[in-house]
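Report on one structure; see the data block that follows.
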Amino acid sequence: MLTILTRSALRWMEEHRRRAQLRGLLEKDDRMLEDIGLTRGDIEEALSRPMQADAREHAYRAATRSLALDGLR
């Protein structure tokens, strides 16, 4: 039981750290975000997901889609 609680706490702490990194990206200007393929909306959407979801993975998928679409233009 303790192991399950410990793992859950560690996962929550890791997700909290990831979300802090994403919030840090909101301090960047729009041009810099565009360079990495993200918009403020992508980041805000990722941060709005439940804590059980990997917000960083969600933002990464949004950036990958954005960069792929840019390649088609």
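Here the structure is a predicted model, which means the values were calculated and not measured.
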Report the residue from Leu5, Thr3, Leu10 that forms a side chain to side chain contact (heavy atoms under 4.5 Å, CB included) with Arg7. Thr3
Distance check, rounded to the nearest 0.5 Å: Thr64 atom OG1 versus Glu57 atom CD? 8.0 Å
Are more than 12 heavy atoms, taken from residues, nucleotides or ligands other than Arg17, located less than 6.0 Å from that residue's CZ atom? yes
Separation between CD of Glu27 and CG of Leu33, rounded to the nearest 0.5 Å: 11.0 Å
Beyond-backbone contact of Ile43 with Leu38, side-chain heavy atoms, under 4.5 angstrom: yes
Do you know the tightest heavy-atom contact between Ala46 and Leu22? CB-CD1, 4.2 Å
d(Ile36 CD1, Met32 CE) to nearest 0.5 Å is 8.5 Å
Checking side chain to side chain contact (heavy atoms under 4.5 Å, CB included) between Leu47 and each of Asp42, Leu25, Leu26, which is the one that passes? Leu26
Would you compute the distance between atom CZ of Arg61 and atom CZ of Arg56 and round it to the nearest 0.5 angstrom? 12.5 Å
Taking Arg18 first and then Glu15, would you say they form a salt bridge - that is, a charged N and a carboxylate O separated by under 4.0 Å? yes
Please report the interatomic distance OG(Ser48) to NE2(His58), rounded to the nearest 0.5 Å. 7.0 Å
Distance-only, no hydrogens or angles: does the Arg49 side chain make a donor-acceptor pair with backbone N or O of Ala55 under 3.5 Å? no
Under-4.0 Å salt bridge between Glu14 and Arg11: no
